[in-house]
S.K.: 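My questions will all concern the structure given below.
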There are 2 protein chains.
Amino acid sequence: MDDIDVKIVDMLQQNARISNAEISRRVNMAPSAVLERIKKLEERRVIREYGARLDPAAVGLGLLAFVAVKADYCEDDDTGRMLAAIPGVLEVHNVAGDDCYLVKVRTRDTEHLGRLLREQFRNIPAIRSTKTTIVLASVKETNSLPLPE
Amino acid sequence: MDDIDVKIVDMLQQNARISNAEISRRVNMAPSAVLERIKKLEERRVIREYGARLDPAAVGLGLLAFVAVKADYCEDDDTGRMLAAIPGVLEVHNVAGDDCYLVKVRTRDTEHLGRLLREQFRNIPAIRSTKTTIVLASVKETNSLPLPE
DNA sequence: TATGAAACGAGTCCATT
DNA sequence: AATGGACTCGTTTCATA
């Protein structure tokens, strides 16, 4: 990763639908050279994927919550995988501390969240307890990583 | 948002660098019609932005943590904005419950995290205390929202 | 690893329905 | 709100440095 790679991934982070031609103008290179670099960054998995960020409320997922999950065995990845498979579960992190998992979940409303916890989370055998934190408002939400100049 | 809009935003969610031509083939429409729809979805802010997801470790941000922040006034959005401005802070959520904010943060390592908490977080006047949860492994991490068929 | 030429495909605008 | 034609511009490959 040289400076030009950093510039390229930053542009793609900021706007994944920018054209190769535009990138190549901004780094003063031929489009074919930029294409080569992007392909390699994708192969090396420095670039994982390209995605559109949608307004969750516009697709009926107005409620955001974080659920701390205590399970019998934190090391057992099956529980994590079962959590990850539940619709609305966006993130599952294995965490240090009292809890085993921290789960980010979006649902329509509190009623749907309650149903999800009762019918999905509690049905996973190893889960001992859950503690839910409701998000009232998101001040910032991005996954653009700060890159060096 | 009709069925075709849902299909379009889902394709863009899955791969933001898909061409309009490819989308138009998959929904059996003229490219110009698809372009119109995408423009309107962007205008209505159903589509917020397009981004590349990078491997955090590849850009020197191998550590992920969540920080629960207690502040004097939860309602005061200045604290939230100050948190959001700190480099490495990716998400700031105003939450219900004991804490005021839940903050998602990426740093190089624990040393950098410690410095960030001491030098940045604790310097925000209204902040009373912080409680940090270190992520050991992320089982799932996406922001693709589950859409109806 | 970068370039430039060439061929092909995509993006965009607009008159029309 | 969608189409199809026309023009412009971008993408991709490959021979070459």
S.K.: Whole angstrom is fine here: how far is it from CD1 in A/Ile23 over to P in D/dG10?
M.R.: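 Answer to the nearest Å: 12 Å.
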S.K.: Check B/Lys7 with B/Asp10, please: is the shortest side-chain N to carboxylate O separation under 4.0 Å?
M.R.: no
S.K.: What is the separation between atom CD1 on A/Ile4 and atom C1' on C/dA2, rounded to the nearest whole Å?
M.R.: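 To the nearest whole Å, that distance equals 10 Å.
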S.K.: Looking at side-chain heavy atoms only, is the closest gap between B/Leu12 and B/Asn15 below 4.5 Å?
M.R.: no
S.K.: Starting from P on D/dA2, measure out to CG on B/Leu35 and report it in whole angstrom.
M.R.: 12 Å
S.K.: Take the protein atom CD1 of B/Ile38 and the nucleotide atom P of D/dA1, then report the distance between them rounded to whole Å.
M.R.: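 Atom CD1 in B/Ile38 sits about 15 Å away from atom P in D/dA1.
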S.K.: Using heavy-atom distances to pick each residue's nearest nucleotide on DNA chain C, tell me which of B/Pro31 and A/Val34 is more 5'.
M.R.: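 Mapping each residue to its closest nucleotide by heavy atoms, the 5'-most match is A/Val34.
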S.K.: Please tell me if A/Lys39 has a side-chain N or O lying less than 4.0 Å from either OP1 or OP2 of C/dT1.
M.R.: no
S.K.: Which part of the nucleic acid, if any, lies within contact of A/Arg17, taking any heavy atom under 4.0 Å across all strands shown: a base, the sugar-phosphate backbone alone, or nothing?
M.R.: nothing
S.K.: Any heavy-atom pair between the side chains of B/His93 and A/Glu141 that's under 4.5 Å?
M.R.: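 They are in contact (side-chain heavy atoms under 4.5 Å apart), so the answer is yes.
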S.K.: Between A/Lys131 and A/Asp99, is the closest basic N to carboxylate O distance under 4.0 Å?
M.R.: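 No, no charged N to carboxylate O under 4.0 Å.
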S.K.: Between C/dG11 atom C1' and B/Met29 atom CE, what is the distance in whole Å?
M.R.: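 Computing the B/Met29:CE to C/dG11:C1' distance gives 18 Å.
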S.K.: Of the nucleotides C/dG11, D/dG10, C/dT1, which one has an atom closest to the side chain of A/Arg37?
M.R.: C/dT1
S.K.: In whole Å, I'd like the distance from the CD atom of A/Glu36 to the C1' atom of D/dT16.
M.R.: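 Atom CD in A/Glu36 sits about 15 Å away from atom C1' in D/dT16.
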S.K.: When the distance from CD of A/Glu22 to P of D/dG10 is rounded to whole Å, what number comes out?
M.R.: 8 Å
S.K.: What nucleic acid atoms does A/Ser32 come within less than 4.0 Å of, heavy atoms only: base, sugar-phosphate, or nothing?
M.R.: base
S.K.: Counting only side-chain heavy atoms from C-beta out, which of C/dT1, D/dT11, C/dA10 sits nearest to A/Ser19?
M.R.: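 Of all the options, the side chain of A/Ser19 is nearest to D/dT11.
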S.K.: The side chain of B/Ala21 lies closest to which of these nucleotides: C/dA2, C/dG11, D/dG10?
M.R.: C/dG11
S.K.: What is the distance, rounded to the nearest whole Å, between atom CG of B/Asn20 and atom C1' of C/dT12?
M.R.: 9 Å
S.K.: Would you kindly say whether A/Glu91 and A/Tyr101 are connected by a side-chain donor-acceptor distance under 3.5 Å?
M.R.: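 Result is no, nothing qualifies.
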